[in-house]
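Report on the structure given below.
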Amino acid sequence: MNAIEAVSLSKIYHRSKTQALSDISLSVGRGEIFTLLGRNGAGKTTFLRIAATQLMPSKGQMSVLGHDARDEPFRIRSKIAVVPQEGGTIGPLTPWDHVYLTLLARGMSRSDARERAEKTIGQLELKQYRNQPADSLSGGLRQRVRVAMAVATDAELIFLDEPTLGLDAVSRRRIWGVLNQIQKEGRSILLTTHYIDEAEILSNEVAVIDHGRKVLSGSPAELLRNVKERVRVDIVGSTFAPEELNSYGRVVRLAERFRVLTDEQRGRELADEAMKRGSDVSLARVSLEDMFVDLVGRDEE
Amino acid sequence: MSATRQFRAAVIIGYMLSITWLRRNLMSLVWLFATPFSLLFIITVTTGGRSFALGVIGSLLLVLSTVGTGIAGDATWYRLETKLQDFFVASPVSQIGYLLGIAFAGLFFASPALVVLLPLLVYVGFPILALPIALLSLAGVWLFSSAIGYLVSTFTSNLRNGWQSGLLLSVIVGILPPVFYPAEILPHNILLVTYAIPTTNAALLIRDAMGTAPTLPYWSPVTGWFLIAVSLAIALAVTSRVARWRQHQQLFNEEFGLVQTTSQNHLKRRYDEAASRAASLARREYPRIVGILVHGSVARREPGPFSDIDMVVVTNHGRKPSEFSYFDGDIYVGVGFLSVAELEQEFTDPKAFFWARGSAKATRVFYDPKGVLRRIILRWRKTEPSNQILEKSLWDDYHNIIEYSGKLRNGWLKRDEYLTRYSARVIAQHVQRAIIALNDLSIISENYVWNQVLHAPKRPKHLQTDYPLALGIRGTQDTRMVYRSAIRLCKETLRFIRDSFERRTKHRRFLKLLAESLEEHGL
């Protein structure tokens, strides 16, 4: 049994004229980290909220941990936990209050709650802030507290909606570490993000969502195969004429940078040439980012 | 979670959002003390102390209604800013548990004020022994205000509106009704309106216990309690029905041509209505029918969004009309006709027996004026297959499995994927029928037949692996796997039929076939 099984799922919000989700089918295996990748407003949160039984679908089937999300939310809710997007902490309550009391409210015994809260606070390196009012903590620490509230539960499936939005590199890595830990415990994770590196590093499976549709899905390695070119050459302060660059491969304009996607041979030639002309140049393998820009960035070019 | 666990969750949520909060930040008490005590002060001073008692009653009720109506703002904050509501929706805590939790938080916040005001109430003449009466009516006011505060919060789309509606509600519930001033000075009509608000009744009940209640039209302590109970029941009922916990999907959107698939209940209702319409159509067109019944998912009350309606009209007189079908909106309706004799006949047909008996368990009668169909169906449900039906059925399967094992092996030899897979499927279908007969299963629906077969108690050893592969319901690119499963399925099933049925067969030729050595024929 999969953790999540969605079949032809669609969602239309009352007032808007567009479909937030349209005919999405995907399955999340047990013990997997599954990432929904997409731009802001692509429909990731809508999908996550339907799976987390917070929102009703308009059409299609959604089964979570073997139960129908539409008709049996009560069976699902004891086995899931969620970190909602861009939430906050509660005024003067400390990280300990947040984690320990919500565990108790979910029905855990005092001793279990104490043990799990202690462990999770340690994992997310919140120990030294344990008894400080959340109001006085930085945004990154507060976000870690929110992640801890879900992670500390014994849920089989954890939903994280943009858990690292606006965090610095260190905080992000702390959260990644804990997510990997959860996976090792055999629990499943559904994650949404618009950070490509996050999707690439963390996930077993990625689904790219754009305008409410699933554009592509697969493991990060499989997704990479969708990019025809093997390497990318970034040139800053180009002395090349546009036609000249075009002759080397596909050109993408990124602010004052030019990115040329091409094969290894021509990539090396272009890098040499650029160096001769004194431009700032770098040569690298294509990444998921190129795939992503390729897929969903076209209408913005 | 059980009711006691929800209650425990509510107390913890209440503790978390009030006492933990207060322990870290005492300032939050100020707002609660400010208004009621200011009003008490003004009333006492302006009346030269004569209305002090009324002021105390009013303050008590205002405190408790304010912590309730204040939820309009608090719960909006928890929902929109901290996303605490979303956190609890996706958890074992139910909506009532959460509502009660937030209400408890209010009550805990109010407790310091109560500690001051309740002794004052006794001081101004409230009999200590009657305190439970005061507490009960105060509890009614607290719960009523909490329910409407929460209800409003779930529809509030920004925080500022939340706080403001909380204030407005607090004025309506706690200040405007006659709690700080005597009810008897109100004009008759307005007084009647204020009876609808529990604070009015609570104030009158407290005054009644102190012996200072006036004689008012249509009011007595009994009506007071009754009105509090009714308004509380209405508030709770409306809140649990209307307040948004999980956000519901929106209605039909024609632009996208989407079907209005909402909850299962809604689907059931739509299909039931379409079936009723079809039944009345059939009765209008053919007035002399015996009865009407419906098979399939609609009868089992589990239609999917794309189900159809299988209706059977049973006739007895004259020529049987030909079957017809049509679309009712987006629901496809098929209407067939059977005579009573044909209906009965299904039970003598070995191919139809187990299906007919299963469908009798999930058939709904839509029209049956003389009870004919009900009698038939009742008899069907209890019927057991005759030995003759079993024998015919198993013999047919035994024979076909042998026949198609030949086609299967030919197909595999010639590397003909179509023939191999096709034969495997036919074999699996006959195995399925044999298992049904041997286990005496009633097939409720073709949607589940595979499931019933897989879990039948009497079955060949490797059925669970082989049957799905041979039937093709478990897909594989590898035809060899299909072949291997199908051939093993043949061998095991043939032996299984032979071993279980050999002694019961009466027909000489079937007995002879069963006696043939399977090994000699490569099986």
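Chain naming here is simple, since letters A, B, ... match the order of the sequence lines and numbering starts at 1 in each. The figures that follow rest on heavy atoms only: side chains count, while hydrogens, waters and symmetry mates do not.
For B:Leu80, no part lies under 4.5 angstrom from a heavy atom of chain A. With a 4.5 angstrom heavy-atom cutoff, A:Ala51 does not touch chain B via any of its atoms. Neither the backbone nor the side chain of A:Ser22 has a heavy atom closer than 4.5 Å to any heavy atom of chain B.
Interface check for chain B: of the options A:Asp97, A:Thr153, A:Asp68, the most heavy-atom pairs under 4.5 Å are formed by A:Asp97. Ranking A:Thr94, A:Ile76, A:Asp135 against chain B, the residue ahead of the rest is A:Thr94, based on heavy-atom pairs under 4.5 Å. When B:Ala10, B:Ser91, B:Gly97 are compared by the number of non-hydrogen pairs under 4.5 Å with chain A, B:Ser91 comes out ahead. Top candidate by heavy-atom pairs under 4.5 Å with chain B, chosen from A:Ala81, A:Ala69, A:Ala52, A:Pro133, is A:Ala69. Counting heavy-atom pairs closer than 4.5 Å to chain B, the top-ranked of the candidates A:Ala150, A:Gly87, A:Ala155 is A:Gly87. When A:Pro92, A:Ser78, A:Pro84 are compared by the number of non-hydrogen pairs under 4.5 Å with chain B, A:Pro92 comes out ahead.
Taken from CD in A:Gln54 to CZ in B:Phe88, the straight-line distance is 12.5 Å, to the nearest 0.5 Å. Distance CD/B:Glu302 to CG/A:Asp71: 11.5 Å, rounded to 0.5 Å. Note that CD1 of A:Ile90 is 4.5 Å distant from CG of B:Leu84, once rounded to the nearest 0.5 Å. Atoms CG and CG, on B:Leu17 and A:Leu101 in that order, are 9.0 Å from each other to the nearest 0.5 Å. A distance of 10.0 Å separates CG in A:Leu104 from CE in B:Met16, rounded to the nearest 0.5 Å. Atom CD of A:Gln85 sits about 10.5 Å away from atom CG of B:Asp86, to the nearest 0.5 Å.
Closest approach of A:Arg77 to B:Trp245, counting heavy atoms only: NH1-NE1, 3.8 Å. When all heavy atoms are compared, the tightest approach of B:Trp77 to A:Thr89 is CH2-O, 4.2 Å. Pairing each heavy atom of B:Ala9 with each of A:Ala105, the nearest pair is CB-O, 3.2 Å. The minimum heavy-atom distance between B:Trp21 and A:Gly91, with the atom names listed, is CH2-CA, 4.2 Å. Taking both residues in full, the closest heavy atoms of B:Ala90 and A:Thr53 are given as CA-OG1, 4.5 Å, listed atom of the first, atom of the second, then distance.
The local environment of CZ in B:Arg8 is crowded, with over 12 non-hydrogen atoms from other residues, nucleotides or ligands closer than 6.0 Å. Around atom OH of B:Tyr448, more than 12 heavy atoms belonging to other residues, nucleotides or ligands sit under 6.0 Å away. Within 6.0 Å of CZ in B:Arg23 there are more than 12 heavy atoms belonging to other residues, nucleotides or ligands. Around the CH2 atom of B:Trp163, the shell of radius 6.0 Å holds more than 12 heavy atoms that belong to other residues, nucleotides or ligands. The number of heavy atoms from other shown groups lying within 6.0 Å of CZ (B:Phe7) does not exceed 12. When the shell of 6.0 Å around CZ of A:Arg130 is examined, it contains more than 12 heavy atoms from other residues, nucleotides or ligands. The environment of CD in A:Glu185 is crowded: more than 12 heavy-atom neighbours from other residues, nucleotides or ligands sit within 6.0 Å. Dense packing is recorded around CZ of B:Arg364, with more than 12 heavy atoms of other residues, nucleotides or ligands lying under 6.0 Å away.
A donor-acceptor pair is defined here as one N or O able to donate and one able to accept, closer than 3.5 Å; no such pair exists between the side chain of A:Arg106 and the backbone of B:Pro92.
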